[in-house]
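Chain identifiers are assigned alphabetically (A, B, ...) following the order of the sequence lines, protein sequences preceding nucleic acid strands; residue numbering begins at 1 within each chain.
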Protein chains: 2
Amino acid sequence: MKIGQATIKDIARELNVSSSTVSRALKDYPGISDETKRKVKEVAEKLNYRPNAIALSLRKSRSFTIGVIIPEVVHFFFSTVISGIEEVASSRGYNVILSQTNESLTREKSSIDTMLSNQIDGFLVSFSKETTDFEHFSRLLDHGYPIIFFDRVPNIPHSINVMVDDYHGAYNATSHLISQGYNRIVHLAGPKNLSISKERERGYRDALTNHGIPIDPTLIIECAYGTSDEGFKITEKLFKEQKEKPDGIFANNDIAAAGAILACKSLGYSVPDDVGVVGFSNWQFCSMIEPTLSSVSQPGFKMGSKATELLLDLIEKKLDPDTITEPIVLETELLIRNSSVK
Amino acid sequence: MKIGQATIKDIARELNVSSSTVSRALKDYPGISDETKRKVKEVAEKLNYRPNAIALSLRKSRSFTIGVIIPEVVHFFFSTVISGIEEVASSRGYNVILSQTNESLTREKSSIDTMLSNQIDGFLVSFSKETTDFEHFSRLLDHGYPIIFFDRVPNIPHSINVMVDDYHGAYNATSHLISQGYNRIVHLAGPKNLSISKERERGYRDALTNHGIPIDPTLIIECAYGTSDEGFKITEKLFKEQKEKPDGIFANNDIAAAGAILACKSLGYSVPDDVGVVGFSNWQFCSMIEPTLSSVSQPGFKMGSKATELLLDLIEKKLDPDTITEPIVLETELLIRNSSVK
DNA sequence: ATCGTCAACGCAAACGATTGCAATAAAAAT
DNA sequence: ATTTTTATTGCAATCGTTTGCGTTGACGAT
């Protein structure tokens with residue numbers, strides 16, 4: 001049944017020594033004879049001894065495990081972030097325990113609770129779309145509990161935030177459309193309570209303004225779900241209603257952008273000849289669709305690895321949280337493909 | 001510093017009772033007066049008491065955590081499976097700890113080791129492309145350690161396997177192409193050491209044979225990496241070399257299929273008029289590319305949830321492993337889109 | 001007054017590993 | 001020969017919780 005994992009006691013019994021001796025021998029403490037060390041290690045090998053991490057955690061109040069709270073796993077950007085997290089964590093000897101909230105605040109809170117009782121060493125979180133009150137986080141922060149927020153970050157005291165430069169990403173994307181000669185540009189925006197959505201919209205607005213193009217509020221529409229269908233329907237409706245046809249679309253995300261392209265085609269508009277389109281996130285499919293979709297690439301892997309490095313430094317006290325007052329901002333890159341070049 | 005998580009002892013001290021009493025009161029054991037129970041619960045609430053899962057694990061030799069070993073996270077199918085796993089696990093009170101092997105056998109083994117020392121209650125594994133020897137798994141199985149394999153499953157004694165019906169998925173896809181009038185059909189195959197690749201190829205072969213079409217080995221080519229680029233290059237090369245042009249492509253995966261479509265277009269062939277294409281996995285982008293890509297949909301979420309249910313039943317002894325001798329096979333569904341309909 | 005019964009609770013060991021503080025014996029110094 | 005030093009090891013507490021068993025005192029019955 002039980003895989004009979006050998007314990008320190010088994011080794012001790014086999015050699016007629018105490019468990020303290022075994023423990024010390026295994027870690028090459030001074031004050032243990034070489035002879036004993038040799039024998040202990042030999043038996044440990046023979047019994048295929050593996051230290052019981054649970055017992056260690058209890059003793060040290062450290063679990064060497066970090067908790068990741070993420071809205072959804074089936075998502076190109078988030079899964080890429082996870083990949084970065086996993087990479088750094090495992091190379092530094094930490095486990096990753098994962099919980100997806102499915103954008104539900106209730107699950108977010110309960111995940112935090114169970115992780116806390118599992119003595120997680122720290123959190124990496126990107127909160128849900130439902131989360132508007134951050135008390136459940138600030139309570140932890142106030143106690144000095146290590147948390148790093150990434151991508152979707154809150155504006156609360158002491159939080160350490162890792163984010164991408166959504167503003168400039170959006171600004172560049174919009175400017176690019178303008179420079180290509182599009183000037184009646186739609187913005188398919190994201191959920192209003194996420195700061196990333198706001199930043200992207202701000203980038204869009206500033207780009208227009210700085211290029212002398214007036215902002216038309218009827219061209220800014222919220223795509224709350226960010227699905228292809230939603231993008232399709234909103235675009236279709238918009239193009240039918242507007243007297244003066246738009247000729248550009250800057251979407252908050254690639255999926256909505258893809259939906260928008262389909263809508264344009266179905267309405268008989270050519271992309272990029274009649275309408276230029278740029279998305280956000282650079283999903284894998286961007287280079288596979290027709291026309292290939294220009295997009296703002298977010299450094300997902302980098303974000304995951306950077307956030308994890310910060311968290312582990314925090315946990316291991318190599319980093320004083322108070323020294324970080326500004327968010328860590330990672331650069332985006334505008335990848336120009338066919339959808340936005342006349 | 002420490003988030004001062006209250007322990008049972010804190011409650012005990014506050015009420016001048018022993019920790020045993022507190023423990024029992026909290027779990028409504030008989031032999032504790034209602035008065036005491038009330039007070040204990042009150043104080044527990046006040047101190048925001050959360051049982052220490054680590055201590056519990058140590059005591060019970062159970063961690064209520066399952067380990068997931070997966071080749072990569074940034075993958076539509078696998079991330080969908082994870083989603084299913086997470087769903088069931090969390091609803092049944094288990095944590096999920098995740099490790100991606102990046103297709104490396106070494107990492108696969110070391111992940112298993114660290115998870116073992118973390119007293120994981122059981123494993124959910126889809127092994128790496130490098131894994132050809134399964135001794136590190138069978139050793140665990142022999143000890144009765146709960147493991148469920150999914151998607152990429154081994155052929156070893158006592159293993160419980162959850163897989164999709166790759167054979168029929170491939171068979172149907174190929175038959176569909178044939179019925180559409182394509183008859184010189186290429187197969188972009190997967191890595192040869194994975195049984196899923198073999199099954200898909202077998203489905204392809206049988207479909208041809210049963211429809212009276214001879215099998216041409218030069219039309220079966222391994223796409224070991226499954227990238228879009230690889231699919232593009234292999235297809236380009238193939239079409240240039242073959243005297244008698246192929247008119248159909250059944251790809252082992254969608255990404256390669258997408259690459260193949262691009263290659264066809266660049267060579268001046270129309271999809272679906274000149275060449276019909278069907279992929280595998282039904283990635284999100286299938287309905288966003290031009291033409292929309294027909295694909296065999298695998299029930300990823302279902303696979304994750306089913307595998308997890310089995311594992312937890314195994315762990316909780318609601319299920320005797322010996323009663324399961326056949327693999328659990330989940331049905332696929334052929335989604336016909338524009339890439340394969342003339 | 002004595003005994004048994006029962007409700008209500010505490011003691012202490014256990015899970016596996018670590019670690020400060022002895023303890024022991026042998027070797028060295030006096 | 002006696003004391004001091006040094007090398008090597010063991011004891012026991014600790015982390016937080018559970019649980020078998022023992023203890024305590026009140027109460028009714030005799």
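Whole-Å rounding puts the A:Gln119 CD to D:dG16 P distance at 8 Å. In this structure, the CD1 atom of A:Ile54 is 12 Å from the P atom of C:dA17, given to the nearest Å. Rounded to a whole Å, the OH atom of A:Tyr49 is 10 Å from the C1' atom of C:dT18. Atoms CD1 (B:Ile11) and C1' (D:dT17) sit 12 Å apart, rounded to a whole Å. When rounded to the nearest whole Å, the span between CG of A:Leu26 and P of D:dT9 equals 13 Å. Distance CD1 (A:Ile8) to C1' (C:dT19): 12 Å, rounded to an integer number of Å. Note: CG (B:Leu56) to C1' (D:dT19) measures 13 Å, nearest angstrom. Atom CG in A:Leu58 sits roughly 12 Å away from atom P in C:dG16 (whole-Å rounding).
An OP1 or OP2 oxygen of D:dT9 is reached within less than 4.0 angstrom by a side-chain nitrogen or oxygen of A:Ser33. In terms of phosphate contacts, B:Lys27 brings a side-chain nitrogen or oxygen within less than 4.0 Å of OP1 or OP2 of D:dT18. Of the side-chain N and O atoms in B:Ser18, none sit less than 4.0 angstrom from OP1 or OP2 of C:dC11. Contact check, A:Tyr29 against C:dT19: a side-chain N or O comes under 4.0 Å of OP1 or OP2.
Between A:Val153 and A:Ser195, some side-chain heavy-atom pair lies under the 4.5 Å cut-off. Here the side chains of A:Glu130 and A:Glu108 are not in contact, with every heavy-atom distance at 4.5 Å or above.
Nucleic acid contact class of A:Pro51 (heavy atoms, under 4.0 Å, all strands): sugar-phosphate only. Heavy atoms of B:Thr36 sit under 4.0 angstrom from primed sugar atoms or phosphate atoms, though from no base atom. Counting any heavy atom pair closer than 4.0 Å across all strands shown, B:Asp34 reaches no nucleic acid atom.
Within a 6.0 Å sphere centred on NZ of A:Lys129, heavy atoms belonging to other residues, nucleotides or ligands number more than 12.
In this structure, the nucleotide among D:dG10, D:dT18, C:dG10 sitting nearest to the side chain of B:Val17 is C:dG10. Listed nucleotides C:dT19, D:dG16, C:dA17 differ in distance to B:Lys9; the shortest reach to its side chain belongs to D:dG16. Considering only the side chain of B:Thr21, C:dC9 comes nearest among D:dT17, C:dC9, D:dT14.
Aromatic ring orientation, B:His75 versus B:Phe78: tilted (interplanar angle from 30° to 60°). Under the 30°/60° scheme for interplanar angles, the aromatic rings of A:Phe137 and A:Phe127 are found to be tilted.
Residue order along DNA chain C, read from the 5' end via each residue's closest nucleotide, puts B:Lys37 first among A:Asn52 and B:Lys37. Where B:Arg24 and B:Arg50 each meet DNA chain D at their nearest nucleotide, the meeting point lying more 5' is that of B:Arg50.
Side chains of A:Ser104 and A:Asn102: a donor-acceptor N/O pair is absent below 3.5 angstrom, by distance only.
Side-chain to base pairing of A:Ser20 with D:dC11: one donor and one acceptor N or O lie within less than 3.5 Å of each other.
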